[in-house]
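Here the structure comes first, spelled out in structure tokens, and everything after it is commentary.
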Amino acid sequence: MQKKLRVGILGAGLIAQLEHIPNILHLNDLYELVGIADASASVRNFFKNRQLPVYETPHQLLNQAEPDAVFVCSPDCYHADMIIDALKAGCHVFTEKPICYTLEDVARIKHARDASGKILQVGYMKRFDPAYLQLRDMLPTDGSTLRMVSVEVSDPDSMPYREHQGELAFANDIPQAQRDEFRTRQHQQVAHALNGQPDENSFRGFTGAYCSSLVHDVNLVHGLLKKMNVATVGIESATFFANGDGGQATVRLDKQTSLWQMMHLTLPKVAEYHERVTLYFDEAIYHLEFPSPWLNHFPTRLRVLTSNGHHFQKTEHRASYKEAFVEEIKYFWETIVNNSTPLNTLEDAERDTKLLVAMGRTALTNEIRQI
């Protein structure tokens with residue numbers, strides 16, 4: 001009989017309600033949900049009415065529910081402390097992205113992980129997308145003919161894609177003192193990460209466009225570059241725009257032969273999600289087109305464009321209908337019971353954080369050259 005893990009949820013916002021909690025309950029041969037901790041009484045009552053155990057604080061859950069593992073789904077600025085507390089309590093940890101804002105917090109987490117000997121996996125679900133995996137397997141181990149990587153995202157957020165999911169609970173009853181503490185904590189961490197005090201638009205651009213959205217693309221592109229033995233050299237340019245709803249950056253790749261451009265823009269009045277990652281080689285073009293992450297089992301499109309002389313060919317692949325959010329937590333279970341290395345490690349998240357921080361610092365000091 002396979003081992004069933006006792007798991008707890010720390011923070012029950014949208015990602016927990018729409019993905020992790022339903023998926024854990026569905027995978028009831030792998031997991032037993034022993035507690036949901038959230039600061040909102042209305043959120044706790046929502047789950048209590050569904051006969052699920054609830055706790056007011058993460059410490060109560062860790063001390064009373066005795067989980068084998070926890071899912072950290074709290075606001076980003078609480079990730080580091082909750083991860084460390086869970087590791088010290090003897091729990092394996094699955095944490096949502098970004099793991100944190102600062103490299104100093106990464107170092108604190110690394111120390112706690114190494115001391116605990118527990119598994120820590122970061123929630124980059126796109127690395128488990130079947131089309132992404134197929135593209136990774138297609139790519140050469142020598143990326144010398146790579147010329148450009150392009151990432152383009154326009155996002156209406158979850159608004160058009162969550163209505164069919166049923167009733168949700170929103171934390172509208174958090175006391176003002178806790179809201180103020182959250183805002184102070186988040187601003188302090190961002191200012192420390194960027195080595196400067198950002199204005200409100202830059203703050204929104206770093207926490208939103210960069211650390212909430214492009215962090216996924218940074219991670220998946222890093223995975224593809226690793227397959228091709230291509231490294232990043234430095235930041236060519238970076239900026240926040242659209243009053244903080246947009247973020248852009250250009251990264252120089254090694255040997256000065258290729259660039260990596262990325263852009264994210266929130267468009268809440270346009271009910272259409274667009275995310276495309278394109279790799280341009282001398283001999284081929286690869287397109288990955290992702291659906292909204294809130295639409296489960298919608299396949300990502302992988303298109304490959306090649307030519308033989310004047311003969312042009314476009315091939316579209318549909319790898320499978322497997323859901324990346326489900327696959328990543330099945331993999332988390334496997335790493336724990338087999339004591340194996342997770343796919344998305346703390347070191348991967350550290351590399352992603354290092355790039356995002358460098359992008360943010362460049363954007364903060366960006367000066368426009370007059371024409």
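Here the structure is a predicted model, which means the values were calculated and not measured. Just so it is clear, the values below take in all heavy atoms, side chains as well, and ignore hydrogens, waters and symmetry mates.
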Salt-bridge contact R50-E167 (side-chain N to carboxylate O under 4.0 Å): yes

Linked hydrophobic residues, V270 as query - side chain contacts closer than 4.5 Å: F241, M263, L265, L267

Check: D155 and H264 side chains under 4.5 Å, non-hydrogen atoms: yes

Q313 and S307: side chain donor to acceptor below 3.5 Å: no

Geometric cation-pi criterion, K4 with Y31: 6.0 Å, 45°: no

Among F203, Y210, F206, the one residue meeting ring-ring contact (aromatic ring centres under 6.0 Å, His included) with F240: Y210

Any side-chain heavy-atom pair of L120 and T345 under 4.5 Å: no

Distance-only polar pair, side chains of T278 and H287, donor-acceptor under 3.5 Å: yes

Salt bridge R108-D81, side-chain N to carboxylate O under 4.0 Å: yes

Min side-chain heavy-atom separation K126-N219 under 4.5 Å: no

Side-chain donor-acceptor contact under 3.5 Å, S154 with H274: no

Heavy-atom side-chain contact between L295 and S292 under 4.5 Å: yes

Linked hydrophobic residues, L343 as query - side chain contacts closer than 4.5 Å: F128, Y331

4.5 Å side-chain heavy-atom contact, Y280 and Y286: no

Short side-chain donor-acceptor distance under 3.5 Å, Y101 and Q186: yes

Salt-bridge criterion met for E200 and R183 (N-O under 4.0 Å): yes

Check: E96/H79 side-chain N/O donor and acceptor closer than 3.5 Å: no

D352 and H222: side chain donor to acceptor below 3.5 Å: yes

Side-chain donor-acceptor pair present, Q176, D180, cut-off under 3.5 Å: yes

4.5 Å side-chain heavy-atom contact, V122 and D348: no

From N243, D199, D245, residue fulfilling side chain to side chain donor-acceptor pair (under 3.5 Å) relative to R204: D245

Test side chain to side chain donor-acceptor pair (under 3.5 Å) applied to R303 and H317, E316, E289, the passing residue: E289

Nearest atoms (heavy-atom pairs only) where F332 meets I119: CE1-CG2, 4.1 Å

Donor-acceptor pair between T300 and D129 side chains, under 3.5 angstrom: yes

Check ion pair E327-R127 (N to O, under 4.0 angstrom): no

Between E275 and Y273, a side-chain donor and acceptor under 3.5 Å: yes

Min side-chain heavy-atom separation I15-H20 under 4.5 Å: yes

